[in-house]
Amino acid sequence: KLNIGVDTIQHGVEGLSYLLTESSKLMISEIDFQDSIHVLGFSDELNKLLLQLYLDNRKEIRSILSELAPKLPSYHSLEWRLDVQLASRSLRQQIKPAVTIKLHLNQNEDQTTQVLQTDPSTLLHLIQQLEQALGEMKTNHCRRIVRNIK
Amino acid sequence: QRFRFCGDLDCPDWVLAEISTLAKISSVKLKLICAQVLRDLLGEAIEYEKILKLTSDARLESGDVKATIAVLSFILSSAAKHNVDSESLSSELQQLGLPKEHASGLCRSYEEKQSSLQDRLRACSLRLSQLGSVCWRVDYTLSSSELQEVNEPLVHLTFNVRDGERRKTVAVPMALSANKFRVLLAELKQAQALMNTLL
């Protein structure tokens, strides 16, 4: 419809997306954006259009870019069961409680599972350690940092 | 304040907040919505359009409709999980601010389906693998490359195991001599006797 070669259009699209992603990535101000594209020598109308395009879309572009960062597997959900081993081939009359846990993890839209098993005392120790980790947020050191980030 | 249907813990804030949304729906319609939510919890298909029609009078936004389904799911499955009888559930819901008619309608639906819900939850509990079926065959070996006259029976067993994680059935085949098979059978019979003492 535009009567231009495919290559030119491809370069145009690539150039435009590079312009928008770099500008959104660096979160540059209106004036900086205008100064940058002024160098390209386009008409005033085109410059205004590009600026409007940038301002309208930068929030969405930024949210998409934030999801591109590499991620570790993240917690999705947890299933557990409590069993008691009463007997085995080698030994009868036992009482051995065990907690079986199936951890569901998400990594970049891949769902993986990990099965773990522990006895109740290790589980209590685990809970204690995790509560201590949560408690760290309340120390003065962490509070100072959080306050400065906000 | 502790609630039995929350497992003797505090009621979650979001549940408390949504109780007021539930009160906006008429008690008759709430009972019908409960029936739909119970269908979903029991593994049947939920009819979302019916729920939308039932909530249209109360003029709920789409976010509120989803919140209603979520809070009803939570209340019903959590009550079944902790084996709460419908009277206690009704009084606890009224303590949280749900009007009496709404609470009794909800609890009547719950009471009808309580044992099916608990059966379903039991079936969904974590299970690593499950024996699907066992196939067997008894052969008689006449001769082999090592010995001309073997003349021994051989049992072929195949256990079809359903793997919980990968949702596939894996076949585990094995061949046993007569003696090995006798030992296996004796041990399994002992395990079965132990299981029967627990039933």
Side-chain angles (χ1 to χ4, degrees), chain A residues 59-60 63 72-135 137-138 146, chain B residues 6-10 12-14 40-41 43 70 73-74 77-78 80-83 117-131 157 159 161-170 174 176 179-199:
Chain A
K59 210 163 162 214
E60 204 181 325
S63 71
L72 290 169
S74 67
Y75 173 78
H76 180 253
S77 62
L78 183 77
E79 288 177 82
W80 60 267
R81 63 185 283 153
L82 174 65
D83 293 312
V84 178
Q85 182 174 302
L86 297 170
S88 66
R89 183 179 179 179
S90 14
L91 186 65
R92 304 296 149 86
Q93 314 274 39
Q94 299 176 27
I95 297 186
K96 208 163 140 196
V99 180
T100 311
I101 300 175
K102 192 167 175 185
L103 204 54
H104 290 260
L105 302 168
N106 264 340
Q107 184 173 25
N108 302 328
E109 284 142 21
D110 257 337
Q111 303 228 345
T112 55
T113 57
Q114 281 273 30
V115 180
L116 310 159
Q117 200 175 52
T118 174
D119 58 279
S121 45
T122 312
L123 183 63
L124 281 172
H125 179 70
L126 183 69
I127 295 173
Q128 216 179 29
Q129 291 296 313
L130 291 173
E131 283 181 342
Q132 273 184 21
L134 266 180
M137 278 299 288
K138 301 203 181 110
V146 171
Chain B
C6 298
D8 289 326
L9 295 171
D10 294 329
D13 290 334
W14 67 273
D40 177 54
L41 289 171
S73 274
F74 175 81
S77 60
S78 192
K81 186 196 313 198
H82 297 110
N83 203 22
L117 246 181
Q118 286 175 323
D119 286 338
R120 167 101 184 149
L121 290 171
R122 190 172 297 125
C124 290
S125 293
L126 175 60
R127 194 155 174 183
L128 294 175
S129 64
Q130 213 171 0
L131 181 63
L157 277 180
F159 293 109
V161 181
R162 236 174 290 149
D163 187 307
E165 280 186 66
R166 271 148 290 209
R167 282 168 218 283
K168 280 189 299 173
T169 302
V170 179
M174 60 193 81
L176 304 94
N179 283 332
K180 270 276 196 247
F181 182 68
R182 270 186 219 111
V183 173
L184 176 67
L185 192 60
E187 297 289 339
L188 287 177
K189 279 188 175 162
Q190 287 185 31
Q192 185 186 38
L194 272 165
M195 277 175 80
N196 284 335
T197 63
L198 294 167
L199 280 171

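Letters A, B, ... mirror the listed sequences (proteins, then strands); counts begin at 1. As a basis for the values below, the full set of heavy atoms in this structure was taken, side chains included, without hydrogen atoms, waters or symmetry mates.
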A:Leu72, CG atom: more than 12 neighbouring heavy atoms under 6.0 Å: no
Enclosure of B:Asp13 CG (heavy-atom neighbours >12, cutoff 6.0 Å):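 Open: at most 12 neighbouring heavy atoms sit under 6.0 Å from CG of B:Asp13.
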Counterpart residues, side chain to side chain contact (heavy atoms under 4.5 Å, CB included), relative to B:Met195 (two or more places apart): none
Residues which pass ring-ring contact (aromatic ring centres under 6.0 Å, His included) with B:Trp14, listed by chain and number, not counting sequence neighbours: B:Phe74
Residues of residues 120-130 of chain A contacting chain B, heavy-atom criterion under 4.5 Å, by residue number: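 Those residues of residues 120-130 of chain A which would need a heavy atom under 4.5 Å from chain B do not exist here.
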Residue-level contacts of residues 81-98 of chain A with chain B, using a heavy-atom cutoff under 4.5 Å: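 Answer by number: A:Arg81, A:Leu86, A:Ala87, A:Arg89, A:Arg92.
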Closest approach of B:Leu126 to A:Thr100 (non-hydrogen atoms, all atoms of both residues):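 That would be CD2-O, 3.6 Å.
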